[in-house]
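Computed from heavy atoms alone, side chains included, the values below leave out hydrogens, waters and symmetry copies. All of these numbers come straight from a predicted model, not from anything done at the bench.
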Amino acid sequence: MSAMDMYWAAPPISRTLAAAAFFLSVSCHTGMLSFGYVIFYLGQILKLPPYVWTPITSFLITGEGIGIIFDTYFLYTYSSQLEISTPRVSGPGDFFTYLLFVCSVILGLNILVTGGVVFISALILAMCYTCTQDARGQKATFIVVQIPAQFVPYAMLLMTLVMAGAGAAKIQATGLVAAHLYDFLTRLYPTFGGGVNLVPTPAFIKRMWQSTVAGVDHRAYGTAFTPAQRSASASGSAAGGVLPESWRDRGSGHRLGGD
């Protein structure tokens, strides 16, 4: 399998995030692109012309040097785990909605509290927190130490505090707040508070991520066929049979030549 085959076989959102983070970070850290065009400053949004892309690109700037590799790796690892194997964001468009919510909270907290301009560490920590909530009771390896899986996000935050200082840890901690808020509004409050999911996936986002054609995936052990996903309205109309609606109230009918 070639590198491009491996890329296209990866989960779509995760591969896009990782590729964008890697190439954008390499461009900035090597001087090919100025950081001023991609990091987030509120003043850049308010001026004319506004830098409307910076709320997105500010989540894609990694650390320098070996940080480009490590940040890209962790971004892809936790993102792909959420995209393909975490039950709480398993529906069509759920992971996209999760990213929109978490990134919005991180951005708001950094505007109001920390004044941060680059947020990839907060996004990675948020995704790590969400992933590990489904692994409670299991062990995970953090560097060379075995710790309970749910403590990995806090270990990451502690390492940032020790190695990069309180300022970087404050920015990263906004991801922990955002992920916990998402968990509270979508799982804890509906389950234990008797409420409803307060961050549902909008219908138009579900339609964006629903597959409308059947897929064929050629694998080493055979061929997998993925059926097309149908919307609720389409499923409802099909449930009554293949005849048009106008024909369904015409009675049972009689066989030609019969009684």
Side-chain angles (χ1 to χ4, degrees), residues 6-7 10-11 13-26 29 58-90 94-95 98-99 101-103 105-107 109-110 113-114 116-188 191:
M6 294 174 63
Y7 175 79
I13 297 179
S14 302
R15 73 189 182 211
T16 303
L17 285 176
F22 179 79
F23 288 111
L24 188 61
S25 299
V26 168
H29 287 299
S58 55
F59 285 91
L60 301 173
I61 303 299
T62 70
E64 61 182 344
I66 196 67
I68 297 176
I69 303 299
F70 281 131
D71 286 346
T72 302
Y73 169 78
F74 286 121
L75 179 67
Y76 176 79
T77 298
Y78 292 122
S79 176
S80 60
Q81 185 174 338
L82 285 174
E83 190 171 1
I84 64 177
S85 62
T86 300
R88 69 185 64 189
V89 289
S90 59
D94 285 355
F95 180 53
Y98 168 86
L99 287 176
F101 177 84
V102 166
C103 289
V105 174
I106 291 172
L107 192 62
L109 289 174
N110 279 280
V113 180
T114 72
V117 295
V118 175
F119 315 123
I120 192 170
S121 64
L123 179 57
I124 292 172
L125 189 67
M127 292 192 292
C128 175
Y129 176 87
T130 305
C131 287
T132 55
Q133 293 311 294
D134 292 323
R136 286 181 174 272
Q138 302 178 23
K139 293 289 185 179
T141 301
F142 182 74
I143 307 179
V144 294
V145 180
Q146 288 274 332
I147 61 175
Q150 66 268 24
F151 292 155
V152 171
Y154 303 100
M156 292 174 63
L157 187 60
L158 178 61
M159 187 173 71
T160 299
L161 177 63
V162 172
M163 298 184 64
K170 280 172 53 178
I171 295 172
Q172 190 178 36
T174 60
L176 192 64
V177 175
H180 183 72
L181 181 60
Y182 180 86
D183 189 46
F184 175 79
L185 295 177
T186 61
R187 185 179 67 89
L188 296 178
T191 302

To the nearest 0.5 Å, what is the distance between [atom1] ([X]) and [atom2] ([Y])?
{"X": "Leu24", "Y": "Ile61", "atom1": "CG", "atom2": "CD1", "result": "4.0 Å"}
{"X": "Phe184", "Y": "Thr191", "atom1": "CZ", "atom2": "OG1", "result": "11.0 Å"}
{"X": "Leu99", "Y": "Leu123", "atom1": "CG", "atom2": "CG", "result": "6.5 Å"}
{"X": "Leu125", "Y": "Gln172", "atom1": "CG", "atom2": "CD", "result": "4.5 Å"}
{"X": "Leu82", "Y": "Cys128", "atom1": "CG", "atom2": "SG", "result": "9.5 Å"}

Exercise. Would you say the side-chain atoms of Thr130 and Tyr98 include a donor-acceptor pair closer than 3.5 Å?
Worked result: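 Indeed, the side chains of Thr130 and Tyr98 share at least one donor-acceptor pair under 3.5 Å.
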For this session: Classify the side-chain pair Thr86/Asp134 by whether it contains a donor and acceptor separated by less than 3.5 Å.
Result: no
[X] side-chain N/O to [Y] backbone N/O, donor-acceptor pair under 3.5 Å:
{"X": "Ser14", "Y": "Thr77", "result": "no"}
{"X": "Thr62", "Y": "Asp71", "result": "no"}
{"X": "Gln133", "Y": "Asp183", "result": "no"}
{"X": "Ser58", "Y": "Val117", "result": "no"}
{"X": "Glu83", "Y": "Ile13", "result": "yes"}

Problem set entry | Flag if over 12 foreign heavy atoms under 6.0 Å of OH, Tyr73 |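 No, OH of Tyr73 has 12 or fewer neighbouring heavy atoms, counting only those of other groups under 6.0 Å.
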So which heavy atom on [X] is nearest to which on [Y], and how close?
{"X": "Arg15", "Y": "Ala10", "result": "NH1-O, 2.9 Å"}
{"X": "Ile120", "Y": "Ala21", "result": "CD1-CB, 4.4 Å"}
{"X": "Cys103", "Y": "Phe59", "result": "O-CZ, 3.4 Å"}
{"X": "Ile147", "Y": "Phe142", "result": "CD1-CB, 3.8 Å"}
{"X": "Ala126", "Y": "Val102", "result": "CB-CG1, 3.6 Å"}
{"X": "Ala164", "Y": "Ala168", "result": "CB-CB, 3.7 Å"}

Exercise. Which is it for Met156 and Phe74 under the side-chain contact (heavy atoms from CB on, under 4.5 Å) test, yes or no, and what are the steps along the way?
Worked result: CA-CA 11 Å; Met156 292 174 63; Phe74 286 121; 5.5 Å; no
Problem set entry | Test log, rule side-chain contact (heavy atoms from CB on, under 4.5 Å), inputs Phe101 and Thr186 | CA-CA 11 Å; Phe101 177 84; Thr186 61; over 6 Å; no
Problem set entry | Aromatic ring pairing Tyr129/Tyr154, orientation class (parallel under 30°, perpendicular over 60°, tilted between) |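 Taking Tyr154 first and then Tyr129, their aromatic rings stand perpendicular (interplane angle over 60°).
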For this session: List the steps and the verdict of side-chain contact (heavy atoms from CB on, under 4.5 Å) for Phe22 and Ile68.
Result: CA-CA 7 Å; Phe22 179 79; Ile68 297 176; 3.7 Å; yes
Problem set entry | Heavy-atom side-chain contact between Thr132 and Pro153 under 4.5 Å | yes
For this session: Apply the test side-chain contact (heavy atoms from CB on, under 4.5 Å) to residues Met127 and Leu75: give CA-CA distance (whole Å), side-chain angles for both, the deciding distance (0.1 Å), then the verdict.
Result: CA-CA 8 Å; Met127 292 192 292; Leu75 179 67; 3.4 Å; yes
Seminar exercise, completed: Per side chain to side chain contact (heavy atoms under 4.5 Å, CB included), Leu109 is matched among Val177, Ile171, Leu181 by Val177
